[in-house]
Structure formats: C-alpha cells, structure tokens
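Order of the sequence lines sets the chain letters (A, B, ...), proteins ahead of strands, with each chain counted from 1. Computed from a predicted model, the values in this text were never measured in an experiment. Note that these values count all heavy atoms, side chains included, but never hydrogens, waters or copies made by symmetry.
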2 protein chains.
Amino acid sequence: MKSETRKNDIIKTAAKLFKSKGYSAVTMRDLATAMDMKAASLYNHISSKQELLKTIVVFIAEEFTNGMRQIQASEKSNIAKLKAIVALHVEITAKHTNGMAALNNDWMHLEDQLEHYLQLRTEYETSFLDIIEHGIASEEIKPSNPEIIMFSMLTTLRSLYLWMPKKGRLNSQELSQNLSDIMIDGIIKS
Amino acid sequence: MKSETRKNDIIKTAAKLFKSKGYSAVTMRDLATAMDMKAASLYNHISSKQELLKTIVVFIAEEFTNGMRQIQASEKSNIAKLKAIVALHVEITAKHTNGMAALNNDWMHLEDQLEHYLQLRTEYETSFLDIIEHGIASEEIKPSNPEIIMFSMLTTLRSLYLWMPKKGRLNSQELSQNLSDIMIDGIIKS
DNA sequence: GTCTATAGAAGGATAGAC
DNA sequence: GTCTATCCTTCTATAGAC
C-alpha cells in the first residue's frame, strides 16, 4: 500500500512552498526538488497539483467551521465567544502555519471545491458577525459598526500565520490573551 | 509618441487582474483580452510583465514611505500619529485599491526591485513600531507587547483593499475614524 | 516507488506586415 | 499601434523501464 506518511510529507512540503510564493508560482518540479525526488514520482502519491491545494484548504476550512459551530452553540457571553474565536485561530494557525497561506491567498485557484469553500467561508463570517451584533445588542460591546469590528479582528487573525513563526517564544495561551486584550480592550491608556 | 494614458490603462487593468488571481496566475493573454487587444500589442507599451508588477508595487510602497516619514517628523502625540497612519492607509487604499493586492501578496515576485521594496517595508515597520514604543514609554498606550500591537493594526490596515470596495458608502474620513476608534479604544463597553 | 523520456498545452516575448 | 505567426521555454501529467 502507498505510505500515507509519504503523501502527508508531500502535502506539508507543498503547503510550505505555497506559503513562500503562492500556488500558481510553485511548480511540480519545485515540489519534487524540495522532496528530493523527480516530478514524475510525485504522481505515484498524488493525482494532481490541484489535489494538493484542495486537501490543504478544505481540511483547514472545515476545522474553522467546526470550531465556530461549537463556539456559537456554547453558553458563553458574546465577549467570551470572541475570545474563544481568537483562541481558535491561534490554535489552528499553530497547527497549520503553512497551510494558512493557501487558505488565505490561494482559495480562488480551487476548481471543484471552490463553491464548497465559499459556503464554509460565508457561514464562518456570518457567525462571527452574529456574535458581534448580539454583543452590541446586549451592551457588552460598544455600539460601533459591527462589520468594521469583524473585518478588523478577522484580518488580524487571518494573518497570524505570517507572524506567529517569528514569535515562537510566546505560547499559544499567552498569545491568545495578548491578542484578545489588544483587540477587545483597545490599546489606549485611559 | 506613445500615449501615457494607454500605458496607465494597461497598468490599472493589470492591477485589477493581479488582485483577482495573483501575479503568477495572470497571463499576458488575460491582460490583453481585458484590454480588448492581442498579447503582442501590449509590448508596444510596456517591456515585460515584470515591469507591470514593479511599477505598481514600488509606486505604492514609496507613497507609504513618504507618508510615514511625514508622520514621524510631525509634532503630534503618539496616539495622534497612529491615527494619522490609519488615515494614510485609508487614503492610499482608496486611491490604489487594486494595486494594494500586488503590494501585499505579490512583492515576492519582484526581481530587480525586491531589495528596494524590502528596504522600504522594513523602514515602514520600524517607524510604526517606534511610534508604539514611544507611546508606551510616554504612557499614552497601555504597557502591552508593541510588536503584537503593530501586527494587529498593520494587518488590518493592509487588508483594507479587500474590504473597502464593499463599503463604498462610508467616506474616507468616517472609515478612518471608525477604524481608529475600534483599534485604539477597543470594542468593549466598560 | 522512482526513474528517464516525452507528450501536449500554455506561458512570455519577438519579428515583421500593415 | 495593432495584428498574425511563431519561437522557445516551461508547465502538468503520462508511459513504460527498472
């Protein structure tokens, strides 16, 4: 049988290369070189370049969706839910740092799975916005524009993959705490 | 003489295409089709695909650098400087919405100009961090991790291009104000 | 499971007619 | 200034030997 770990190595290496120059600019020869093999040999483990993208993006996107569903269903306050979302991003980004690049930047190159991805993304953003709007309604959150709040938080969280590798010394819990403090409590000393 | 506006049209169209699928995935045939001409004809106005990327990225990067230098040299408080940075991003993003995509996502495909770009980027980030650190020292800003603050603000600001087009109804000043409020004062109702 | 060889499509860019 | 034709390179993927 084909070694699943070999296939996993290829996917992980692909994710790393996609992070460094994007899906379109990475060639199967690049990937083969990084794996110390020839391009043709890759096809003994995977069926296409597209399969690599699909595997990386859909897997992570589904992890986010599952995490968000749990947070939504919980009994937490809305502020606590936002903090849980921060922790979710930190956790998934720590686990799939390289894959996050493809999720953020290369999803538009999905073929068969594009629609599925977009559904997950829309569901995620709708839930996020919903929590913020409930938080404003319950007077936990200042009466600001909820879409700007979501945009601000979500773009910061989506970019964590670029920045967490440089901050290896912070553990996940400390980083989540710091991010929540800054994004939720603000930075001004009042 | 060659029409400069024709060349500008090509650059603008290229920026739009780069935004939608990234530099590497855009072909000269794509660009020609969008311009309603043939690929070969493009070369009467520009010398290469690389020139398009270079023109877009370096021009905007220099605009950011100049804006930051002015802010740094001003007599404002550090919080006021941060607000000026927010306004700078909103303003430049409004003017070069499509080009911002290449600046953020395709800079690594620069050839000759890569080093120059990286210098500008480092200078910009150093200034940004410097303002935050001075703000903490002067007790305008809470004693948080300055790099996390910069990361959080800068990634939000860098992603504005994705989101401003959907918010056409907000004018630049309102948007700057809202973003400053959220990022600086926080969202929690205390 | 990896290789060499190569098919077949698509890419950036040029030559030269109009 | 735009076109057709085409060069040459590089790409993804397959065939078939080992």
Does the side chain of [X] pick up a donor-acceptor pair with the side chain of [Y] at under 3.5 Å?
{"X": "B:E140", "Y": "B:S138", "value": "yes"}
{"X": "A:T156", "Y": "B:T156", "value": "yes"}
{"X": "A:Q70", "Y": "A:N66", "value": "no"}

Between [N] ([atom2]) and [X] ([atom1]): distance, integer Å:
{"X": "A:Y23", "N": "D:dC11", "atom1": "OH", "atom2": "C1'", "result": "12 Å"}
{"X": "B:D36", "N": "D:dT2", "atom1": "CG", "atom2": "P", "result": "10 Å"}
{"X": "B:K38", "N": "C:dA15", "atom1": "NZ", "atom2": "C1'", "result": "18 Å"}
{"X": "A:D9", "N": "C:dG1", "atom1": "CG", "atom2": "P", "result": "13 Å"}
{"X": "A:N44", "N": "C:dG1", "atom1": "CG", "atom2": "P", "result": "6 Å"}
{"X": "A:K21", "N": "D:dT10", "atom1": "NZ", "atom2": "C1'", "result": "12 Å"}
{"X": "B:L42", "N": "D:dT4", "atom1": "CG", "atom2": "P", "result": "13 Å"}
{"X": "A:M28", "N": "D:dT14", "atom1": "CE", "atom2": "P", "result": "10 Å"}

Selected nucleotide, minimal atom distance to A:H45 side chain, candidates C:dT2, D:dA13, D:dT2: C:dT2
Any idea which of D:dT2, C:dA5, C:dA13 is nearest the A:A40 side chain? C:dA5
Counting only side-chain N and O atoms of [X], is one of them less than 4.0 Å from OP1 or OP2 of [N]?
{"X": "B:R29", "N": "C:dA9", "result": "no"}
{"X": "A:Y43", "N": "D:dA13", "result": "yes"}
{"X": "B:S41", "N": "D:dG1", "result": "no"}
{"X": "A:K49", "N": "D:dT12", "result": "yes"}

Could you check whether the rings of A:Y23 and A:H109 sit parallel, tilted or perpendicular, using 30° and 60° as the cut-offs? parallel
Which of parallel (below 30°), tilted (30 to 60°) and perpendicular (above 60°) describes B:F151 and A:W163? parallel
Contacts of A:A25 and A:S47 projected onto DNA chain D by closest heavy atom; the upstream (5') one is A:A25
